[in-house]
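Inspection log for the structure reproduced underneath, given as structure tokens.
Scope of the values below: all heavy atoms of this structure, side chains included, with no hydrogens, waters or symmetry mates.
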Amino acid sequence: MELWTYLPLAIGYLATLMLIRWVLLTRKRQPIASVAWILAIILLPLLGGVLFLFFGINQVERRKALKLAATRVAADSVSNLTDYEEDAGGDSTLSSQLHRLAELSCGYHVTRGNSIELLIDTNIAFRRIEEAILAAQKSIHLEYYLWKPDKAGRRIRDLLIERARQGIEVRFLYDGIGSILLRRSFLRSMSDAGIHVASFLPGQSLRERWSLNLRCHRKIVVVDGRLGFTGGMNIGDEYLGRNKQIGYWRDTHLRMTGPSVLQLQQVFAEDWYYATGEDLTTEPMFPDPSTDGDVTAQVVSGGPVDEIQTFHALMFSAINEARERITLATSFFVPTDGLSMALETAALRGVDVRLLLSGRSMYPWTLMAARSYYEALLRSGVKIHEYRRGVLHSKTLTIDGCWSLVGSPNFDPRSLVLNFEVGVAMSDERIALELERHFTDDLEHAREIRLDQWIRRPLRSVLIENFCRLFSPVM
């Protein structure tokens, strides 16, 4: 009788020790998070272990070799198309250093001769994507984190079905968690029309499906290998301002032509190979690039399988190298200790640091966590504004009016460590100044957070903010 009494306790201790061992082996680069998970497992024996299984394990490591193979296959095929001459001139020292860092981190070269249009009106961006789909001659590739089966989602789906029936090669890659509302009937209508449909994450095996924490947050459209779109906007009515509860939607998207589109195609090809095993580089998906403009650009991709945390390293370096001004707009602001320190020290050394953050959010706990960082930043001289017109979903960074980054990553650990993300780094004064102009216009719909008022907020708010901050590694 006594044996049966102590057996569950012994099993519990054994399971706890095994989970702690797992934490120590899999989270070597994040000691603070490791301590948090170990405490959760010990103090919440059952719940802590379950939470770690779902949110703490980097299941993508199990298919890291396949993802790296996908990268090599695509890179070997198109690297000769995206090289450029080092003496082409025109880049500042800052831009050159940041482009080199991005290249070493993710493997994509700088390209010249691009034409890039900033799209800050989501309805215009949606219309540009529709026009591109209708004008496609050979292929249409789409990769999205979130695709809603609402009016907007059905409209694009129906256009894709129409084009597929007309002989256009269409591939659709979606995130299994972000697009969880897509029912089988919605996807089957696409497959029946000849569209190739695949889910990026969760993975194909049962063990990979445990991981709900790793997501493909990219938004990519590539048409004929010559026209590309990327940025912050997903597909759904809310992104067009049609959801009355959410209201106006502020986002930033890019329409691209030129050699950089081949790199966007390469990102898609890598992800498609990772998800399906189909090698797109054996097909004529990478036409000879044309020079359509004068923008120097570089597609940047990052994910949890990379040796270097690409976007974290790039943003950290860009902020540290700034000498005059920084503008950062992001929908989710939960900076790592390194990024928070970089912003504070930049302001202390005289750089004009301005942040445009969400004043409203569909996830209030992220808003509370973000506010827990305000006081230290404000004391350092950082200017913080909360957007009030509607939902801020842009993800943009400009440095000294000469270098800018636009894409899918937010300024939080999920985007910088856990998600697969994509962005475009640009060395172009016109683009940077245009982004700064839009930033200034957005401030008219924002309220500035002032230190003297902020430190007088209720203690209850401080406690809630600091409690939400405890969960920042998985927000």
Spell out, as yes or no, whether a donor-acceptor pair under 3.5 Å connects the side chain of [X] to the backbone of [Y].
X	Y	answer
D175	C216	yes
D428	R430	yes
E117	R255	no
R456	D452	yes
S415	D412	no
T230	I220	no
D400	C402	no
D292	N114	no
E321	L94	no
S179	G176	no

With Y374, the side chain to side chain contact (heavy atoms under 4.5 Å, CB included) member among L451, V382, L357: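 Among L451, V382, L357, the one that satisfies the side chain to side chain contact (heavy atoms under 4.5 Å, CB included) with Y374 is L357.
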
W403: which of Q97, H99, M426 passes side chain to side chain contact (heavy atoms under 4.5 Å, CB included):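 Exactly one pass, corresponding to H99.
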
Would you tell me whether [X] and [Y] have side-chain atoms, one donor and one acceptor, within less than 3.5 Å of each other?
X	Y	value
T252	S394	yes
K395	S331	yes
R354	T327	no
T440	E436	no
Q265	H141	yes
T122	D251	no

Inspect the surroundings of [atom1] in [X] and state if more than 12 heavy atoms from other residues, nucleotides or ligands are less than 6.0 Å away.
X	atom1	value
R349	CZ	yes
E429	CD	no
R100	CZ	no
Y248	OH	yes
M368	CE	yes

Classify the ring geometry between [X] and [Y] as parallel (under 30°), tilted (30 to 60°) or perpendicular (over 60°).
X	Y	answer
F268	W272	parallel
F411	F333	parallel
F229	H253	parallel

Check against salt bridge (Lys or Arg N to Asp or Glu O under 4.0 Å), R389 and D442: CA-CA 9 Å; R389 183 181 181 185; D442 288 332; over 6 Å; no

Of all the heavy-atom pairs spanning [X] and [Y], show the shortest one and how long it is.
X	Y	value
R360	G390	NH1-CA, 3.6 Å
P259	P289	CA-CB, 3.9 Å
L101	L314	CD2-CA, 3.9 Å
L264	M256	CD2-SD, 4.2 Å
V351	A322	CG2-O, 3.5 Å
R112	T291	O-CG2, 4.3 Å

When rounded to the nearest 0.5 angstrom, what is the spacing between [atom1] in [X] and [atom2] in [Y]?
X	Y	atom1	atom2	value
L397	T330	CG	OG1	10.0 Å
K244	D237	NZ	CG	12.5 Å
S260	H109	OG	NE2	14.0 Å
S358	R371	OG	CZ	10.0 Å
I326	I319	CD1	CD1	5.5 Å
N466	S372	CG	OG	6.0 Å

Ring center gap for W249 and Y239 short of 6.0 angstrom: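 Ring centroids of W249 and Y239 are less than 6.0 Å from each other.
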
is_close_aromatic(F200, Y174), centroid dist under 6.0 Å: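 Centroid distance F200-Y174: not below 6.0 Å, so no.
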
Candidate pair R379 and E344, rule salt bridge (Lys or Arg N to Asp or Glu O under 4.0 Å), full reasoning: CA-CA 8 Å; R379 289 188 183 279; E344 292 170 22; over 6 Å; no

Side-chain contact, heavy-atom cut-off 4.5 Å: [X] with [Y]?
X	Y	answer
P304	L418	no
L142	W147	yes
H312	T336	yes
L405	T396	no
V222	L227	no

Residues L377, I384; criterion side chain to side chain contact (heavy atoms under 4.5 Å, CB included); working and verdict: CA-CA 8 Å; L377 291 165; I384 302 175; 4.0 Å; yes

L355/H385 under side chain to side chain contact (heavy atoms under 4.5 Å, CB included): CA gap, chis, key distance, verdict: CA-CA 6 Å; L355 310 181; H385 305 262; over 6 Å; no

Six-ring centre of Y145, R218 cation under 6.0 angstrom, axis tolerance 45°: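 So R218 doesn't make the cation-pi contact.
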
Audit row: E465, R457, salt bridge (Lys or Arg N to Asp or Glu O under 4.0 Å) steps and yes/no: CA-CA 11 Å; E465 292 161 10; R457 69 194 188 285; 2.9 Å; yes

Verdict with supporting geometry, I129 and M233, side chain to side chain contact (heavy atoms under 4.5 Å, CB included): CA-CA 11 Å; I129 292 172; M233 188 183 76; 4.1 Å; yes

Residues E238, K148; criterion side chain to side chain contact (heavy atoms under 4.5 Å, CB included); working and verdict: CA-CA 9 Å; E238 65 198 56; K148 292 286 188 69; 2.5 Å; yes

